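Just below is one structure, and these are the notes that go with it.
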Amino acid sequence: MGLDTAWARAWVSRSAEVVSEHKTELITLDREIGDGDHGENLDRGFTAVLAKLDDLPAEARPGDVLKLVATTLISTVGGASGPLYGTAYLKGAQAVADADSLDADAVVAFLTAARDGVVLRGKAEVGDKTMIDAWTPAVDAASAAAQSGAGGAEVLSVAAEAAERGAETTDALVARKGRASYLGERAIGHRDPGAVSTALLLRAAADTASAS
Amino acid sequence: MGLDTAWARAWVSRSAEVVSEHKTELITLDREIGDGDHGENLDRGFTAVLAKLDDLPAEARPGDVLKLVATTLISTVGGASGPLYGTAYLKGAQAVADADSLDADAVVAFLTAARDGVVLRGKAEVGDKTMIDAWTPAVDAASAAAQSGAGGAEVLSVAAEAAERGAETTDALVARKGRASYLGERAIGHRDPGAVSTALLLRAAADTASAS
Amino acid sequence: MKKLINDPKDVVAEALAGMELAHPELVISHDPAFIARRDAPVQGKVGLVSGGGSGHEPLHGGFVGPGMLDAAVPGPVFTSPTPDPILAATKAVDGGAGVLHIVKNYTGDVLNFETAADLADAEGIRVRSVIVNDDVAVKDSLYTAGRRGVAGTVLVEKIAGAAAERGDDLDAVAAIAQRVNDNVRSMGVALTSGIVPHAGEPSFTLAEDEIEIGIGIHGEPGRERISLEPADAIVDRILRPILEDLPFSSGDQVVLLVNGMGGTPLVELYVAFRRAAEVLQEAGITVARSLVGNYTTSLEMQGFSLTVLKLDDELTALYDAPVQTAALRWGR
Amino acid sequence: MKKLINDPKDVVAEALAGMELAHPELVISHDPAFIARRDAPVQGKVGLVSGGGSGHEPLHGGFVGPGMLDAAVPGPVFTSPTPDPILAATKAVDGGAGVLHIVKNYTGDVLNFETAADLADAEGIRVRSVIVNDDVAVKDSLYTAGRRGVAGTVLVEKIAGAAAERGDDLDAVAAIAQRVNDNVRSMGVALTSGIVPHAGEPSFTLAEDEIEIGIGIHGEPGRERISLEPADAIVDRILRPILEDLPFSSGDQVVLLVNGMGGTPLVELYVAFRRAAEVLQEAGITVARSLVGNYTTSLEMQGFSLTVLKLDDELTALYDAPVQTAALRWGR
Ligand SMILES: Nc1ncnc2c1ncn2[C@@H]1O[C@H](COP(=O)(O)OP(=O)(O)O)[C@@H](O)[C@H]1O
Ligand SMILES: Nc1ncnc2c1ncn2[C@@H]1O[C@H](COP(=O)(O)OP(=O)(O)O)[C@@H](O)[C@H]1O
Ligand SMILES: [Mg+2]
Ligand SMILES: [Mg+2]
Ligand SMILES: [Mg+2]
Ligand SMILES: [Mg+2]
């Protein structure tokens, strides 16, 4: 079995679990440098996605699952992260729309399109202390791994690892996008909640991929 | 020298001093069962009276001094005590308008008219926990003393003594007039600020009378 | 104490100066202090004067203008003004048809307005007074200074103002004001206390989970101190004594005023309005007119009051008549 | 936390229900949640939609009505609404002349309105957006999410609303809204923090003698935290950056808005207004129009903001044009 629709469904289920498990942590991170709702927002979103998953037809492709995630997050999350994650999944889904199953190149295409979607909407660069600080290292590591011949699951694992490292790098940064940017130097020493949730979601992707 | 205009002026000066000395005490009493402004109100009033005292013509009678106190208190004190004390001095002044000097009967007439003025405006009875609980015992004691032949200064001294005892009786009472009435049983154990200020003013009258 | 003030003793004078700069349609007299309509006195119209201690804004100054008050007399914070400014305001707005004093039932207010009325009378101005006492929280009014005047005052001022504007004579305007008072009932609740500037500390203290049911607008004690409850339960608790008092009955048309005490967010007042309107509906009472907002405040107190006025056709028409003041405007 | 609510998660829905009962002149859609003029869509008129997190009332729902907004979209407290209700409101008010979105500059609001605009566009409705960013407290806007939209939003909504009402086309209304934004500057100060219902604790904490200069309306940090000062000193401190920013100059005519953050008594707002007006006068700037009150709040936060809008003849005429909403009414 490859990274097919069953995997995509499994990823969504695992994402909902992970977000719920880390809800309080994400809220706390967001309270420190934002407005304390990031965990609440994502949890509301993924709970809604989960509820809609059963409505998908049996013949749905991975891209259809990802598109459902996109539209549901957009219409339920609100705040900054709703449209950003929504666009990420939407653009990523479009990049793999025709695939019945994702190979390493498709995974890279998905991640790249997702990251580009976030940048398109949010205009953040690496170093701005946003979720981009997790997404971009993940994309870079994934494409390097794919080029050296890794399979889809391994590419996701490398991406998750890079996203986690990327999230850690936000500790030292002053924010230049999002609410944390008003804090100036006071944001230093705190981890960006969106970067942390990005790493959690990619880790969920990798875990479900290696179990497939 | 009897209770002439010089005495009336001395009484006013002493009243201003006494009110200022006891301002904080009156505020504290009023804070406990009212709104904490009684000392402030009276101090503002007697300061204004003092400032106007010099404008009185040399030929002014005691009644003219007392009328000046009345109109000035009315126009500067505000709250409940302004019109009440104002009416007291106004009616009292009218009762002794023709006298160049107050004998014992005139003192009784002054006190009676003053007390009746307060009742006319405020409609309180003895036992309602108001300044009437000081005024009425003072009137009663004064007229008894005058009937037994006491002089004006002695009558005032007896009145002050009775007002002080009267103020003390308010400790045990539930209020039925003024702001303290909303407290119900919670007013018990607190002394009425207006009864205390009445006793202070009558004591000032007695002290300056015996020094005249 | 954190307040946006300079010297506590200057608060009222400086706020008046601010009103003067902000509202060119008003005339401000600084000493004696009162606020009047620019076109006062309106010849042939009954003049309406209200006033009382400051700290309840927009009451009364925010209700001066066509269709409502001709003048408002602000005393020091929570302290009745003396008769002098009341007299001055009365003279300033007398257009020959006499003047109605609208007075909240507090001993200080009543006595100072009474004295001013006597003095105006001595100067040949006819004055009538209506005492507003809509607060049902005060139960045994025979054994107290009587029911307090609270947010119902706004409705008395609005409706009497409309009666004066349409040309009613002094007795008729006074009768309308009295009819509003007879048909309006209010009760309030405090979540926190306000702070009088010159006192510098809260007027009373409530524990972190306590609220005072039946609070007065100067922080006077109410009926009971209870633990914080959901908004709906609080609304039910203060609406019942209001409805039982008049009594209101099925088929009545009412004005429902949900009045903020100063420090409660508008979003919460609407939550309370919702419940109060629902309860009235269930009782067969039609909420014909609604007001939600800070109209009779107690400085920064958190809390609210409910006011219900039973309408008849005439009161409804007068309520609907145009009004143009800083804090209440409609029609025209 | 003492709040007049039931379940924190129901606050916005219950307040909407309250608005529906209190304001028959509005239409309330509950799911998706938005507030619209009863007569929407007005054929041939540009529709105006604004919205954002709740907790800033009367912004935006209190400004729906003739002469101002056609619809307002309330998100959860302090959280942007999603595109769905924004889209629904946009469709509900499109009278064929297109719709203007007035959006406060917060990443969440901007992105969700952007998405809604895209979706509306896909359905054949022309949408233009104006981002309001009047808060001068944010200094280095290149290195932040940019200046925040605060109380100046009220003036953008009022004046653009008047332009739409007089029949301007979409581009013209958008240009007027943009011109207001270009000429309006604000800055605020907090004495205390508000409490978000679902958070249950203050958004930030200030010591008993501290104030935050340059506060955002969600409690975002400002320029500095200083010791409490007299009102005049605070006004001077926040008025200077406003005046320097545009810059305003002698001879200018302005609107001066003294906006309460929710928990500051009106009497204190007038004290602040007095000082601000005096300082402007001394600088040769004429306060041609004034607003004092709670217009863009932050729940029960104590504090205030100053907003100054430089007028020209057209903006003045549009400002003066009739407006009939729950929280702003004049003319007609
Ligand atoms: N312009 C942006 N580009 C990329 N990510 C952003 C941007 N603005 C905010 N974010 C991300 O969004 C996260 C906050 O999301 P959330 O708390 O759900 O929304 P809000 O800030 O509206 O409350 C931040 O931690 C950050 O990672
Ligand atoms: N109806 C009344 N009759 C007599 N005295 C009264 C009455 N009401 C109040 N008082 C007196 O006035 C005093 C309070 O005066 P003050 O604090 O100056 O006025 P206010 O109550 O308006 O703040 C009370 O202590 C009481 O003695
Ligand atoms: Mg957040
Ligand atoms: Mg007192
Ligand atoms: Mg008092
Ligand atoms: Mg948020």
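Keep in mind it's a predicted model, so treat the numbers as computed, not measured. Residue numbers begin at 1 in each chain, while the letters A, B, ... track the order of the sequences.
Residues satisfying the side-chain contact (heavy atoms from CB on, under 4.5 Å) criterion with A13(C), sequence neighbours excluded, are absent altogether. Evaluation of the side-chain contact (heavy atoms from CB on, under 4.5 Å) rule for A199(D) yields V196(D) as partners, not counting sequence neighbours.
Options I211(D), L191(D), L206(D) differ in how many heavy-atom pairs under 4.5 Å they form with chain C, and the most are formed by L191(D). Across L266(C), L299(C), V271(C), the residue that shares the most heavy-atom pairs under 4.5 angstrom with chain D is V271(C). When V287(C), L228(C), V267(C), V258(C) are compared by the number of non-hydrogen pairs under 4.5 Å with chain D, V267(C) comes out ahead.
Only the backbone of M1(C) comes within contact range of chain D, judged by heavy atoms closer than 4.5 Å. For P58(D), the parts lying under 4.5 angstrom from a heavy atom of chain C are both the backbone and the side chain. Proximity to chain D (any heavy atom under 4.5 Å) is shown, for L256(C), by neither the backbone nor the side chain. Proximity to chain D (any heavy atom under 4.5 Å) is restricted, for I234(C), to the side chain, taken from C-beta onward. Neither the backbone nor the side chain of P24(C) comes within contact range of chain D, judged by heavy atoms closer than 4.5 Å.
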Scan the chain D/chain C interface and emit each donor-acceptor pair under 3.5 angstrom with its distance.
from	atom 1	to	atom 2	distance (Å)
M1(D)	N	E208(C)	OE2	2.9
K2(D)	NZ	L191(C)	O	2.6
K2(D)	NZ	A207(C)	O	2.9
K2(D)	NZ	E210(C)	O	2.8
K3(D)	NZ	E268(C)	OE2	3.0
L4(D)	N	E268(C)	OE1	2.8
I5(D)	O	A231(C)	N	2.8
N6(D)	OD1	A231(C)	N	3.2
N6(D)	OD1	D232(C)	N	3.0
N6(D)	ND2	D232(C)	OD1	2.8
H23(D)	NE2	Y270(C)	OH	2.6
L191(D)	O	K2(C)	NZ	2.6
A207(D)	O	K2(C)	NZ	2.9
E208(D)	OE2	M1(C)	N	2.9
E210(D)	O	K2(C)	NZ	2.8
A231(D)	N	I5(C)	O	2.8
A231(D)	N	N6(C)	OD1	3.2
D232(D)	N	N6(C)	OD1	3.0
D232(D)	OD1	N6(C)	ND2	2.8
E268(D)	OE1	L4(C)	N	2.8
E268(D)	OE2	K3(C)	NZ	3.0
Y270(D)	OH	H23(C)	NE2	2.6
R329(D)	O	R329(C)	NH1	3.1
R329(D)	NH1	R329(C)	O	3.2

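Looking at every heavy atom in both residues, A272(C) comes nearest to L4(D) through CB-CD2, 3.9 Å.
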